[in-house]
Number of protein chains: 2
Amino acid sequence: MATRTRRSDALSRERIVDAAVEVLDASGESGLTFRVLTERLATGAGAIYWHVANRDELLGAATDGVVAAALADRPSAGSPEEELRAVGLRLFDAIDDHPWLGTQLGVQMSRSPTGPTTPRLVEAFGRPIRDLGVPEPAWFTATTTVLSYVLGAAGQNAVNGRAGGGGLGRAEFLDATAAAWEALDEDGYPFVRRVARQMRGHDDQEQFLAGLDLVVGGIRAAHPPER
Amino acid sequence: MATRTRRSDALSRERIVDAAVEVLDASGESGLTFRVLTERLATGAGAIYWHVANRDELLGAATDGVVAAALADRPSAGSPEEELRAVGLRLFDAIDDHPWLGTQLGVQMSRSPTGPTTPRLVEAFGRPIRDLGVPEPAWFTATTTVLSYVLGAAGQNAVNGRAGGGGLGRAEFLDATAAAWEALDEDGYPFVRRVARQMRGHDDQEQFLAGLDLVVGGIRAAHPPER
DNA sequence: ACCTGAACACCGTTCAAGT
DNA sequence: ACCTGAACACCGTTCAAGT
């Protein structure tokens, strides 16, 4: 059949997903509406539905796209431990750039574990776990444990991320939270009161990596290299 | 002032939250609408808004209520390790009973870390971590790591939970996922293809506890008891 | 103080009609 | 094949009015 000349601004699934990511970055999940999208793409709602089944699929495609980009072209780091940190950092940075990803990652993975994102993440974290010398029967448990940690941390950092815009809003937010924790009653919350100090001014990325190291350390401790 | 006789069916924040939990259990997060709620409570929308600020606050109150109930009246288990497992199990079972909790927990914790749920969970997991002998400067990192793992696992098990209703739907679901993983190309996904077998027929609760043990083991390994 | 319920502005999705 | 855009059924929230 005759190849047709396409206008450069022709609508396509790719253009729609790209626009969705931009809207999500700017306004968060609740900001992604078909009204905003049709306006931005200068089209009608029906046109979008021609390329995309519904809003959920669009959200999923946006998530898949961002995760794929975050994990692409990654030079393999040195040791398996370094590799795990490198993959974790890629993901952490992606969530920093796209805060809505923190929540959507978990949603997407449990909604469609056969979609591109779940296998991609399982492969990215699983391979270095294998290279750590973990025996094969323990691969699944070890990998899902690391993934659960990463997804949980992602969800926490999602909103936390960059609340204000100035770096100041965050310090004040942590301060207010710490103050609220310290105001709890000593009988019911002795631990929370003591730990509140450590929350003030902590660095999210540092915290994320320290936690990842603990989890990986646990896997190594459970499967010491034979000799 | 004169105490007023109250009709037993008078509207109250508590009755509204209870009704919300029932609706959430039956229809999930998207099923909780003011239409359904007003019908169930035989009242008007405005009446609900008199007791509750908006839908988000209602969702938060439902989450707080269920978490409080799940952690209440818990006899302290034996060792710190057993205590961590016991708290984890309580939460796991609560998510099993209220699948919407898996997602909402993370949302609630990052949206209002000063609300009742965050301190409750930090205290419940933090105390046994302290009793493990973890030095105080490491409390925050260790506790948030365990919490991130638990929240991540919770989010994964949320939808997974009891998809069909019959126990069969789940086995078929795992089977279909495993089959899709095994169909990926060997070059890009060697690990995923090998690990697919282990996903078939795994037990979620067993998996959750095994992961928790790995994380706790990592914390112990990082902070060996002095002597 | 507490409740009613109509009204408002918005949402995702559909679909007959166009090209 | 691809797009338009009005129409539909729904949503959370508000608010004048009642008791």
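Order of the sequence lines sets the chain letters (A, B, ...), proteins ahead of strands, with each chain counted from 1.
B/Arg15 has its CZ atom 15 Å from the P atom of C/dC2, to the nearest Å. For the pair A/Leu11 CG and D/dT4 P, the interatomic distance rounds to 8 Å; values are reported in whole Å. Rounded to an integer number of Å, the gap from CG of B/Leu37 to C1' of C/dC3 is 15 Å. Separating the OH atom of B/Tyr49 from the C1' atom of C/dG5 is a distance of 14 Å, rounded to the nearest angstrom. Distance, A/Ile16 CD1 to C/dG12 P: 14 Å, rounded to whole Å. One atom, CG of B/Leu41, and another, P of C/dT4, lie 10 Å apart when rounded to the nearest Å. Counting to the nearest Å, the P atom of D/dT13 and the CD1 atom of B/Ile48 are 11 Å from each other. Going from atom CG of B/Asp56 over to atom P of D/dC11 covers 16 Å, rounded to whole Å.
Within the 4.0 Å cut-off from OP1 or OP2 of D/dA1, not a single side-chain nitrogen or oxygen of A/His51 is found. Applying the 4.0 Å criterion to OP1 and OP2 of D/dC3, one finds that A/Trp50 has every side-chain N and O outside that range.
Taking a pair to require two hydrogen-bonding distances under 3.5 Å in either a Watson-Crick or a G-U wobble arrangement, D/dA1 pairs with C/dT19. Pair assignment for C/dT14 gives D/dA6, based on Watson-Crick or G-U wobble hydrogen-bonding distances that are each under 3.5 Å.
Closest to the side chain of A/Thr43, out of C/dT13, C/dC11, D/dC3, is D/dC3.
Annotation: B/Phe92 is in aromatic contact with B/Phe208 [ring centroid separation under 6.0 Å]. Under the 6.0 Å cut-off for aromatic ring centres, B/Phe125 and A/Phe191 do not qualify, their centroids lying 6.0 Å or more apart.
Ion pairing between B/Glu57 and B/Arg111 fails under the 4.0 Å rule for side-chain N and carboxylate O.
In this structure, A/Ala47 and A/Val36 both approach DNA chain C, and ranking their closest nucleotides by distance from the 5' end singles out A/Val36. Nearest-nucleotide positions on DNA chain D place A/Ala42 closer to the 5' end than the other of A/Arg35 and A/Ala42.
Backbone-only contact: A/Leu32 has heavy atoms under 4.0 Å from sugar-phosphate atoms and none from a base.
For A/Thr38 (side chain) and A/Arg35 (main-chain N/O), a donor-acceptor pair under 3.5 Å exists by modelled atom type.
Residue B/Glu182 forms a side chain to side chain donor-acceptor pair (under 3.5 Å) with just one option from B/Arg193, B/Arg200, B/Arg194, and that option is B/Arg200.
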